[in-house]
Amino acid sequence: MPRPRKRLAGAAGQDKKGLLGKRTKTENTENTSTKLENSSPQKTPASKNCGKNSSNYWLMKSEPESRLEKGVDVKFSIEDLKAQPKQRACWDGVRNYQARNFLRAMKLEEEAFFYHSNCKQPGIMGLMKIVKEAYPDHTQFEKSNPHYDPSSKEDNPKWSMVDVQFVRMLKRFISLDELKTCHQAHKATGGPLKSMALFTHQRLSVQPLTQEEFDFILSLEETEPS
DNA sequence: GCCAACGTTGGC
DNA sequence: GCCAACGTTGGC
């Protein structure tokens, strides 16, 4: 089992506490809502698969360029995903409650855009799908891992991950720049990207897309780069 | 429960 | 490398 390290999501000051174990009630494991205005990934675990049209779409960020975090390279590009056995990998390292809650809302076979962040050319590279629903992220217990979380206990893991599988590259790269231009225009016209999380929740490394957002972005594939 | 200090994200 | 945006921590 490969374990690509991604760097996803903000672990603000995750390390310094640990020993003091202060733990205010901000221990918001379940609270931090998963809601982002217009999307609705808020399924109760109970609602399993009842129905077909309950599918959600996602955008997941990863860094394609080498960068050391606590001495470990956190690079993980879409090419790295393609190079994995079966082109599958676990999406570990998410240390932000909102992002984690989205991971937990993901269902088998749902599709996600693979977004390259913190790099020369940020933007959407391709498509992947969820092949294993949320389960404990083992890296939270590994002391040498950049995303080690000493406050998380084995019998009550804080952080989750999913497994993803490469589906395909987009027919062309959709840059952040292009998405931003659309977003700006759509804010005025009420178009599909008017409230895309990429811009309204800037730092979220795992975010939901509405059907309209997803379809619109896919339609860009067929157009000329702007 | 407020909020300043601090740390991270991620585009530029 | 800079730094704006913003999430988290922890004193009060």
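Remember, it's a predicted structure, so these values are computed and weren't measured experimentally. Reminder, nothing fancy here: chain letters follow the sequence lines and each chain counts from 1.
Atom NZ of A:Lys120 and atom C1' of C:dG1 are 14 Å apart (whole Å). Per the geometry, NE2 belonging to A:His116 stands 17 Å off P belonging to B:dT9, to the nearest Å. To the nearest angstrom, C1' of B:dC12 lies 17 Å from CG of A:Leu179. Going from atom CG of A:Asn118 over to atom C1' of B:dT8 covers 11 Å, rounded to whole Å. The separation between A:Asp177 atom CG and B:dC12 atom P is 6 Å, rounded to whole Å. As rounded to whole Å, 18 Å separates atom C1' of B:dG10 from atom CE of A:Met60. Distance CZ (A:Arg203) to C1' (B:dT8): 5 Å, rounded to an integer number of Å. For the pair A:Lys180 NZ and B:dG10 C1', the computed distance is 11 Å after rounding to whole Å.
Distances shown here put every side-chain N or O of A:Lys61 at or beyond 4.0 Å from the OP1 or OP2 atom of B:dT9. Checking the phosphate oxygens (OP1, OP2) of B:dT9, no side-chain nitrogen or oxygen of A:Tyr115 falls inside 4.0 Å.
In terms of heavy-atom proximity, A:Glu178 sits nearest to A:Pro225 at OE1-CA, 4.4 Å.
Salt bridge annotation for A:Arg168-A:Glu111: absent, with no cationic side-chain nitrogen under 4.0 angstrom from a carboxylate oxygen.
Of the candidates C:dA5, C:dT8, B:dG10, B:dG10 carries the atom nearest the A:Ser205 side chain, counting heavy atoms from C-beta on.
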Side chains of residues 119-132 of chain A: which donor-acceptor partners sit under 3.5 Å, not counting sequence neighbours?
none

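Here A:Tyr115 pairs with nothing under the ring-ring contact (aromatic ring centres under 6.0 Å, His included) rule; sequence neighbours left out.
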